[in-house]
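On a predicted model such as this, the values are computed, not experimentally measured, just so you know.
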Amino acid sequence: MSDIYLNEDVKRFSIDEKTAKKLRKKYAKLVKKNGGEPGSKTVIDYFYDEKVEKNTVLIQGLGVSVRGSVQYLLNELNYDKRFSKYKIYVRTKDHSDETVKEYIKQNNWTRTTTVPKGYYRKLESCKYIFTESYVPYQWIKKKDQIFIDIWHGTPLKKLGVIKNGRKAHLQSKQQKNFLCTDYFLYPNDFTKDIMYKSYDVATLMDAKALMMGYPRTAGILQVTEERTAEIRKQLAPNGERVYAYMPTFRGYLNDEDTIKREKEFLEFLDKNMSEDQILYVNLHHHISAGLDCSEFRHIHTFPPLIDSYELLTATDALISDYSSVFFDYLVLGKQIILYIEDYDTYSSFQGLNMDIRELPFDMAHSREEVLDMLNRGKDYDDTKIRSELCAYDAADNPAKFCQLFRDDETGLVLEDHPKNNKKKVIFYSDCCREGRETELLHQFSEQVDRDQYDFWVGCDSEKTKQHVDSAYPMLHDSMNISSEDDIRLSSVGAPVKELYLKGSIDFKTAMEYLIHEYGVIPVQQYGYSHFDTFVIYDMLDPEMIISMALLEADSKVIFITKDILSEVENGNTFMKDAVRFAADYCKVAAVTDKDIAEAAEKLLGDSWTGRVSVIDNVADINELLKLK
């Protein structure tokens, strides 16, 4: 077994906003003195420049819209006098901004403003950040911000790292959001269990689990009998029976085939429905644009001025398939028909978290069965499944949820995310490229003591796409946290880096300021997660090497690889400076091949002579992880 040599004078970095701001002014002058100009502002500018403003809420709804759950939260935030001094911002884009503005006006949400531009500024200045999908990966959370995530539906379909195929490395956005979350809403225990399994980061999360039904299901329960009657009169002026059809998107079909499938199904229903039946359809936007429902007698699209969830209260039955909307509809206790004639194909392609055929609802395998079930009406008992999946649904959930925007947890059902006493260890290999390092990592991942360690392999989402053959099955068999190595330095940082690369300033001068920019990249990737051991294992991006060396961890290790040495030998000065800098922030510098130990020591400088460790087997890695 090799000796492991420790750096007894490990440097530490901590975010210092005051110093960073002061240095930015100094280095902005340096840039101009050298003939440059500050560039465009990035999220790092806003991280250091913007103060978190109290009583501000930034909302990003699914599809940058304000329908569904967002609508019911905005009602509370705009109508409740407790939020009279709040400013509410809604994320929009060019294609949705005018529609959302009109909806804001229609609902008299006077405290709400859209944000089609300047979004990153708001991300760094609002006290409360809310999403039902995810916020951009570039966001760098501040410690005094509160981030609330509710996802967007009970997860029938497989998500994240447990989806079929070799795509576990493509979850960077959602994993980062999970790691930054303070409150995560789970509408039922099934959802909580699935989400814990789907993204590999549950034991790293400091978030509280909020057990509460979705605000949109509360919206269903809030609708009065009078309002339901009013909607029903609009939908069925002659007292017809009313049904809703809300299918999911079928990824295994192209749009043309999907349109054909839906058209044939709707044509059959329209031809065979009786005069006292009307069906309202809400198709995926890719499909709805290619299907004209005006040709049908009994079938219409959802009216644009009636909220979809209000509309559902006025229906007699829902026809769906693998869409999570049926979980929402379940709260009404009305008939649910799942049209699953392609169950084997869809479940094989998409992957499902449950066998929905075991649910008590009507299961149709043909168009004829759908029609027969509509005509027959509900004749099954769903009491048990409703008690399980709708246990936390209540009409006052939006009001209770909005307590979080006032830092008030009174009366909320909150649980801690799962914790354990295992050491948190991550080996970051930017793409798990073919070679000795990846071979050894495979071996260790197969033998690691999982009773003692929560062990992750870190990688870059994009770079790993080119190396899936060497990355798998490791990324399936071990926990994985992917990231995006897309460092966007600030308006001052970017030109300072260029001055260094051109030789106008030396590395030490550049890093006096750039340390404050590279130092927030780990927060961008992992939030404020705590690792016992972080291993910079196999990386060829100098900026990422610097950034990961500045991450807070009890113990950091840097490996010097043949590829790094080759880069340096070929004249990559940035690599040379980056590795030397990073080593000073690490407890151990190591190689996986004793034949390159001397070259690694030469690269790191005199202070590392005889102190580069050879870690070339699983036993050595185990010894490395015992370090405190």
Side-chain angles (χ1 to χ4, degrees), residues 59 61-63 65-77 79 107 130-133 148-157 183-195 209-225 227-228 231 244-246 248 280 282 302 306-338 353-354 356 359-361 378 382-404 411-414:
I59 291 176
L62 193 63
S65 179
V66 291
R67 298 300 186 100
S69 288
V70 171
Q71 166 153 346
Y72 298 101
L73 297 182
L74 286 172
N75 285 342
E76 295 294 332
L77 292 171
Y79 304 152
N107 285 276
F130 167 90
T131 185
E132 57 180 342
S133 51
I148 307 170
D149 195 334
I150 71 169
W151 200 236
H152 47 266
T154 297
L156 173 61
K157 307 175 188 71
Y183 298 94
F184 201 103
L185 182 149
Y186 301 101
N188 45 59
D189 290 330
F190 169 77
T191 298
K192 181 178 65 174
D193 292 342
I194 294 300
M195 297 305 277
L210 172 62
M211 305 308 298
M212 177 182 285
Y214 287 120
R216 66 190 187 218
T217 55
I220 291 176
L221 297 173
Q222 288 175 1
V223 180
T224 64
E225 292 183 4
R227 175 57 177 159
T228 295
I231 295 172
Y245 176 47
M246 303 177 72
T248 194
Y280 284 86
N282 186 14
F302 274 38
I306 299 178
D307 177 70
S308 298
Y309 284 84
E310 283 192 324
L311 182 146
L312 290 178
T313 67
T315 61
D316 297 293
L318 170 72
I319 307 169
S320 189
D321 44 25
Y322 316 103
S323 171
S324 64
V325 70
F326 73 75
F327 290 112
D328 298 338
Y329 194 80
L330 178 59
V331 75
L332 290 170
K334 297 184 178 183
Q335 184 184 16
I336 296 173
I337 301 171
L338 300 184
N353 289 314
M354 67 165 65
I356 60 174
L359 296 173
F361 315 136
K378 181 181 178 182
D382 58 12
T383 304
K384 183 176 184 296
I385 193 67
R386 190 150 29 111
S387 67
E388 294 174 1
L389 297 180
C390 303
Y392 299 103
D393 286 309
D396 63 348
N397 277 346
K400 291 168 67 177
F401 184 93
C402 286
Q403 291 176 200
L404 296 177
L412 301 180
V413 180
L414 295 167

Could you give the distance from [atom1] ([X]) to [atom2] ([Y]), rounded to the nearest 0.5 Å?
X	Y	atom1	atom2	answer
Asp307	Gln71	CG	CD	4.5 Å
Leu73	Tyr214	CG	OH	12.5 Å
Arg216	Tyr72	CZ	OH	10.5 Å
Thr131	Leu62	OG1	CG	8.5 Å
Tyr280	Leu318	OH	CG	15.5 Å
Phe130	Ile59	CZ	CD1	6.0 Å

For Asp189 and Met211, run side-chain contact (heavy atoms from CB on, under 4.5 Å): C-alpha distance rounded to whole Å, both residues' side-chain angles, the deciding distance at 0.1 Å, then the answer. CA-CA 8 Å; Asp189 290 330; Met211 305 308 298; 3.5 Å; yes
Looking at every heavy atom in both [X] and [Y], which two are closest together, and how far apart are they?
X	Y	answer
Arg67	Ile306	NH1-O, 4.2 Å
Tyr392	Pro187	CD1-O, 3.5 Å
Ala391	Ser387	CB-O, 3.3 Å
Asn282	Ser308	ND2-OG, 4.3 Å
Thr248	Asp321	N-OD1, 3.0 Å
Val70	Val66	CG1-CA, 3.7 Å

Given side chains that start at C-beta, do those of [X] and [Y] come closer than 4.5 Å, heavy atoms only?
X	Y	result
Thr313	Leu221	no
Thr228	Glu310	no
Leu185	Trp151	no
Lys378	Lys334	no
Cys390	Asn188	no
Val331	Arg386	no
Pro215	Asn397	no
Leu359	Ile385	yes

Under 3.5 Å, is there a donor-acceptor pair between the side chain of [X] and the main chain of [Y]?
X	Y	result
His152	Ser133	no
Gln222	Ala395	yes
Thr315	Leu312	yes

For a side-chain contact (heavy atoms from CB on, under 4.5 Å) check, start with the C-alpha distance between Asn353 and Phe190, then their side-chain angles and the critical distance, and finish with the verdict. CA-CA 9 Å; Asn353 289 314; Phe190 169 77; 3.9 Å; yes
When you compare the side chains of Lys157 and Ser324, does any donor N or O come within less than 3.5 Å of an acceptor on the partner? no
Go through the steps to decide whether Leu210 and Val413 satisfy the test side-chain contact (heavy atoms from CB on, under 4.5 Å), and finish with yes or no. CA-CA 6 Å; Leu210 172 62; Val413 180; 5.8 Å; no
Phe361/Phe326 aromatic ring centres below 6.0 Å: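 Ring centroids of Phe361 and Phe326 are less than 6.0 Å from each other.
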Do Phe327 and Tyr329 have ring centroids that are under 6.0 Å from one another?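 Here the rings of Phe327 and Tyr329 have centres that are no less than 6.0 Å from each other.
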For Tyr186 and Met212, what are the C-alpha separation, side-chain angles and deciding distance, and is it a side-chain contact (heavy atoms from CB on, under 4.5 Å)? CA-CA 6 Å; Tyr186 301 101; Met212 177 182 285; over 6 Å; no
Before you tell me yes or no, could you show the steps for Thr217 and Asp328 under side-chain hydrogen bond (donor to acceptor under 3.5 Å, both in side chains), namely the whole-Å CA-CA distance, both residues' side-chain angles and the distance that decides it to 0.1 Å? CA-CA 6 Å; Thr217 55; Asp328 298 338; 5.5 Å; no
